[in-house]
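Atoms within each ligand, like the ligands themselves, are counted from 1 in listed order. Since we're looking at a predicted model, the values are computed, not measured.
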Amino acid sequence: MTEQNKTCEKCNRNFVIEADDIPFYEKMDLPLPTMCPECRFKYLLAFWVFGRFRIAKSALSGKTIITVLPESVPFPIYDRTEFVSDAWDPFTYGKDYDVSRSFIEQLVDLQSKVPHPHQVGVKNLNCDWADDVWESKNAYLTRSIVNNEFVTYGYRLVNCKNCIDVTYSFDLDRCYDCLNCFKSYNLKYSFNSRDCMDSYFLYDCRNCQNCFMSWNLRNQKYCILNQPYSKEEYEKKIEEHNLKSRTVVEELKKEFWQHIRQNAVHRQNYNIQEVNSTGNFLNYSKNCCGCYFLEESENGRYLFRGGWCKDSIDMVGCMSLENCGMGVMDQLGGYNNTCNLYTTSCRYSNYLDNCEECENCFGCIGLRKKKYCILNKQYTESEYKEITEKIKSDMKKREEWGKFFPLSSAYAGYNVSLAQMQFPMTKEEIVKFGAKWEETIEPHYENIISGDDLPNTINEVSDEIVKQRILCPETKLSYNITKDELSFYREHNIPLPNRHFDWRTLNRFKPFSLMVIPQKGNCHYCKKEIEHYYSPDLGFEKIACLECYQREVA
Ligand SMILES: [Zn+2]
Ligand SMILES: [Zn+2]
């Protein structure tokens, strides 16, 4: 088989279906893609809800719930514990397959009627104000976390505690405003650092303590701008910066990014122990192509965020699965599935939404532990085979087989999905792409103040601030400061944030949205041609091949 050149139906750019892609599509009986890899990611990520936290009522019991699903969803939202209980029966929504209509239309009809759970995740304590949260305690306005304790405004964290405003990080304690940091303690305003302590504004540092505004350092203490000082000199110098002031911190952040752009050395990718693979942020993966944020996987193609995957293609949010294609949040034991959305431990199934532990199911919503079901109706094994074959052949005739759920059926708008975080688009571009746009409902509070009117330093803040509603000038969303948060800021000398927490997360995340498209370039040092992932918009000057990076930095 040879590669094929195609034009993307979304962006009109030419793209290549690699010769090695084709056996995957054939094995899964999927048609060859009509969109380029980037548009495929955009499409699938649009189904992964980031959302906005809001208070609602469970449509089953009336119990108060906190959900990131918007009010505009067509289906009833049930409290998660009620959703997985026997208090309702998903078969009551069952429908016969109607040969005269498009199957996808019938699927979307069913999807719009069957209840969905208000939250993703289990085994949590005091995590009502969180989503996609697993085995955690006391998480507040936080998403996508595993095994965390006392985290606020977090996003995609593993084993973190006592942190505020941290994103994409593992094993942090008492950290603030960090991105892509690991195994660190009391780290602030830092990016891409590991095994560091008591430091500020670090970029790509390892095993450093008491460092300030530094990059590419290894095993250092008391450095400022990469220069070592005595302990006393260091402390005196740090004192000179009034870090309690927002204006000072913002100036320092600008200076920090100036150094990252001009002086820091950037390795051509962030991959660790990858073998024969392309993509960025790959750890311990083998024979993977065009994959991003992926752990310990093998033979994966165009997988975005996940781990422990084998022989799968075109998936986002993929965790522990094998032989799967074209799916969103298919996880924990998925096997031989295509076109599934938010499913857990399902096998040999297609077109499921919010199903768990199902096998041989086709076009079902909200089922648990079922076999041989179609459109939420139970069949015998032989009936199932006969009807699904008929559906598949009808779908092929209509050219809808292997197409994912339509974008109009995503639970929320593109602008409040992972797609917007990773591949941001304007409202106009989103609509042109065929996705939905979620409007902002401006809050109406008495006595609301603007984030721009908050005191500049933490010293000037009174206890009364916790009673105050604050309007974010960027997003027009309102937020407040909690008591615990205020004590954290006071203890750590941090000025009050003057923007909405979701805006802060998105803004912190921004560099990552500029590191997921392959770029051709030359190593800054040896001039060798390299493939790297830093968009020109980042303005990084010293991008190095792995060998030169090792020599210059490590
Ligand atoms: Zn495209
Ligand atoms: Zn080089």
Side-chain angles (χ1 to χ4, degrees), residues 3-18 21 25 30-48 204 215-216 262-272 274 278-280 289-292 301-304 313-316 325-326 328 399 402-407 410 414-415 417-426 428-436 513-538 540-554:
E3 61 175 47
Q4 293 193 21
N5 290 296
K6 298 241 177 179
T7 305
C8 173
E9 68 173 28
K10 289 287 181 194
C11 69
N12 280 321
R13 280 182 292 199
N14 295 327
F15 71 101
V16 176
I17 298 173
E18 311 268 354
D21 295 343
Y25 295 117
L30 287 171
L32 293 182
T34 50
M35 285 180 241
C36 70
E38 189 184 321
C39 288
R40 275 161 20 221
F41 282 148
K42 284 181 179 177
Y43 192 104
L44 294 174
L45 286 168
F47 286 83
W48 192 337
D204 186 32
W215 51 94
N216 302 130
Q262 292 175 351
N263 303 323
V265 183
H266 310 276
R267 38 179 288 169
Q268 67 185 100
N269 61 48
Y270 283 76
N271 301 339
I272 298 171
E274 136 280 296
T278 57
N280 210 1
C289 165
C291 294
Y292 298 87
R301 304 186 77 77
Y302 319 108
L303 309 181
F304 206 102
I313 193 163
D314 292 333
M315 308 283 298
V316 307
M326 192 67 83
V328 177
E399 292 189 1
K403 289 212 187 315
F404 198 67
F405 287 72
L407 282 166
Y414 186 103
N415 56 321
S417 74
L418 267 273
Q420 183 70 349
M421 277 180 98
Q422 208 64 66
F423 301 98
M425 295 201 282
T426 61
E428 205 181 10
E429 289 165 337
I430 289 171
V431 172
K432 189 171 166 247
F433 192 76
K436 296 190 289 191
S513 67
L514 298 167
M515 295 183 190
V516 291
I517 295 167
Q519 315 277 341
K520 291 262 177 280
N522 295 88
C523 170
H524 176 77
Y525 297 93
C526 69
K527 310 295 174 206
K528 168 173 105 176
E529 204 170 278
I530 53 171
E531 183 168 75
H532 66 79
Y533 295 86
Y534 302 105
S535 152
D537 293 343
L538 285 161
F540 290 178
E541 290 181 12
K542 299 181 179 173
I543 299 169
C545 74
L546 296 179
E547 294 74 31
C548 291
Y549 174 86
Q550 289 294 337
R551 190 189 61 235
E552 294 293 318
V553 176

Starting at CD of Glu547, measure out to CZ of Arg267 and round the result to the nearest 0.5 Å.
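Going from the CD atom of Glu547 to the CZ atom of Arg267 covers 10.5 Å.
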Check your understanding: Hey, do the aromatic rings of Phe404 and Phe47 have their centres closer than 6.0 Å?
Key -> yes
Evaluate the side-chain proximity of Trp215 to Asp204: yes if any heavy-atom separation is below 4.5 Å, no if none is. no
Q) Can you name the closest pair of heavy atoms from Met315 and Met326 and give their distance? A)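 Minimum heavy-atom contact is SD-N, 3.6 Å.
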Does Asn5 reach the main-chain N or O of Val16 with its side chain, forming a donor-acceptor pair under 3.5 Å?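 The answer is no, because no donor-acceptor pair under 3.5 Å joins these two groups.
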(Q) Checking the side chain of Asn280 only, and the main-chain atoms of Met515 only, is there a donor and an acceptor separated by less than 3.5 Å? (A)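 Here the side-chain-to-backbone pair exists.
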I need the protein N, O or S atoms closer than 2.8 Å to the Zn ion (ligand 2), given as residue plus atom name.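 Only Cys523 SG, Cys526 SG, Cys545 SG, Cys548 SG fall inside 2.8 Å of the Zn ion (ligand 2).
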Regarding Lys436 and the six-membered ring of Tyr414, is the cationic atom NZ or CZ under 6.0 Å from the ring centre and inside 45° of its axis?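 No cation-pi geometry.
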* Asked: Step by step, would you call Glu38 with Arg13 a salt bridge (charged side-chain N to carboxylate O under 4.0 Å, His left out)?
  -> CA-CA 10 Å; Glu38 189 184 321; Arg13 280 182 292 199; 3.7 Å; yes
Worksheet item: What's within reach of the Zn ion (ligand 1), meaning protein N/O/S atoms under 2.8 Å?
Response: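 Protein N/O/S atoms under 2.8 Å of the Zn ion (ligand 1): Cys8 SG, Cys11 SG, Cys36 SG, Cys39 SG.
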Legend entry - Gln422 and Ser513: side chain donor to acceptor below 3.5 Å: no
